[in-house]
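Naming: A, B, ... by sequence-line order, numbering from 1 per chain.
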2 protein chains.
Amino acid sequence: MAETTIDEAVGELRKYHIRVTPQRKLILNYLLTHENHPPVETIYQELAPEMPTLSLATVYNTLNLFVELGLVIEIPNENGGIRYDYFGKPHYHAICENCGKVTDIYSPLFPQIEASLKSEAERLTDYKIDSSHVTVYGLCADCQRRLADH
Amino acid sequence: MAETTIDEAVGELRKYHIRVTPQRKLILNYLLTHENHPPVETIYQELAPEMPTLSLATVYNTLNLFVELGLVIEIPNENGGIRYDYFGKPHYHAICENCGKVTDIYSPLFPQIEASLKSEAERLTDYKIDSSHVTVYGLCADCQRRLADH
DNA sequence: ATCCTTGCAAAGCATTTGCAATTTT
DNA sequence: AAAATTGCAAATGCTTTGCAAGGAT
């Protein structure tokens, strides 16, 4: 699990001379404390009661900013929206093809796997690689049961 | 490179009792003969002269169908669109962060890597995994040169 | 004091859908 | 002949943008 604290994350913002506004802190904190990979609309709705003046546009702008900084990654989902994931520790994702659930996978083998992917890519293509995204698709335990029952 | 022929691909359609229409053949053939991972709009524009009645909506519908069948995979790109890639042989992608180019990587190590990703995911999560997408990000050779020159 | 950021509303796009006409099996 | 698919146009929904007011450094 990502064990980054809000202070560390805020430090990242300062490092890039990005202003630390209440909105950004609020959204950052939301991402740090939720493992559910929420879509934009959900983040907005859950945060709106806490900060009634917050606008959807600001949530979009802020998330895009975080993505550029590499603090957060985007997970596109089938129905056109995007989900967001705070990327404190390297991990990859399993996505359920039936219900769309996204699950983080923290495998001890992953750093090594990622390194092979990177070096193979550089060996074969002349790219200079700096990051990677890995996703596996299948059926989550709940959906396996649900589909078998019937 | 994907060496699948149009006939093999059409066979996949028949296998699922999907009707083989001229539009589907045309789009399938386009994907088989282009390694450039085109966005929907490009596919439509390049095919329109050949079949003037073809509609954009049909291209969208057809591509979605192919994705469901697993014939083709989607590659989301930053500006909101989606690119398509015929998925005949397992490979992964390198995407240039500067120009957006997508390059296929056919590494001999990939099947093994993919297998580890899958088994680690199943071991750690109770998902039943059936496919995966891997992407690495960096700078392509051209962009490295371009950015260094200046 | 300056420059950045927010919030609002409107605009912009990519993608999907309903339905009648057409085509494939 | 029956069922699926196409094409059109309109609708939908996500995301971005312009600009004035407000806030952080």
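The 5' end of DNA chain D is approached more closely, in terms of each residue's nearest nucleotide, by B/I18 than by the other of B/I18 and B/A57. When each of A/N64 and B/L54 is assigned the nucleotide of DNA chain D bearing its nearest heavy atom, the one mapping closer to the 5' terminus is B/L54. Looking at which nucleotide of DNA chain C each of A/P52 and B/R14 is closest to, the 5′-most match is held by A/P52. Projected onto DNA chain C by closest heavy-atom contact, B/E41 and B/T21 fall at different nucleotides, the more 5' of which corresponds to B/E41.
Phosphate proximity of D/dG7 to B/Q23: present, with a side-chain N or O under 4.0 Å from OP1 or OP2. OP1 or OP2 of C/dT6 lies within a sub-4.0 Å distance of a side-chain N or O belonging to A/R24. In this structure, B/Y60 does not reach the C/dT16 phosphate: none of its side-chain N or O atoms is under 4.0 Å from OP1 or OP2. Taking 4.0 angstrom as the limit, A/S55 places none of its side-chain polar atoms (N or O) nearer than this to OP1 or OP2 of C/dC8. OP1 or OP2 of D/dT6 has not a single side-chain nitrogen or oxygen of B/T58 nearer than 4.0 Å.
For the pair B/Y30 and B/I43, the tightest heavy-atom approach, listed with the atom from each and the gap, is CE2-CG1, 3.9 Å.
Protein atom CD of A/E68 is 15 Å distant from nucleotide atom P of C/dC4, rounded to whole Å. Here D/dA4 presents its P atom at 12 Å from NE2 of B/H17, a figure rounded to the nearest Å. At whole-Å resolution of the value, NZ in B/K25 and P in D/dT5 are 16 Å apart. Distance CG (B/L69) to P (D/dT5): 10 Å, rounded to an integer number of Å. Between the CG atom of A/L56 and the P atom of D/dC14 there is a distance of 10 Å, rounded to whole Å. Atom pair A/K15:NZ and D/dT25:C1' shows a separation of 20 Å (rounding to whole Å applied). Whole-Å rounding puts the B/L65 CG to D/dA4 C1' distance at 11 Å. Taking atom OH of B/Y16 as the reference point, atom C1' of D/dA4 lies 19 Å away to the nearest angstrom.
The side chain of A/R19 sits closest to D/dG23 out of D/dT6, D/dG23, C/dT24.
Salt-bridge check for A/K101 with A/D142: passed, with a basic side-chain N closer than 4.0 Å to an acidic carboxylate O. Here A/E74 does not pair with A/R83 in a salt bridge; the nearest charged N to carboxylate O distance is not below 4.0 Å.
With hydrogens and angles ignored, the 3.5 Å screen pairs a side-chain donor or acceptor of B/E122 with a backbone N or O of B/I129. Using a distance-only test at 3.5 Å, with no hydrogens or angles considered, a donor-acceptor pair links the side chain of A/Q144 to the main chain of B/D126.
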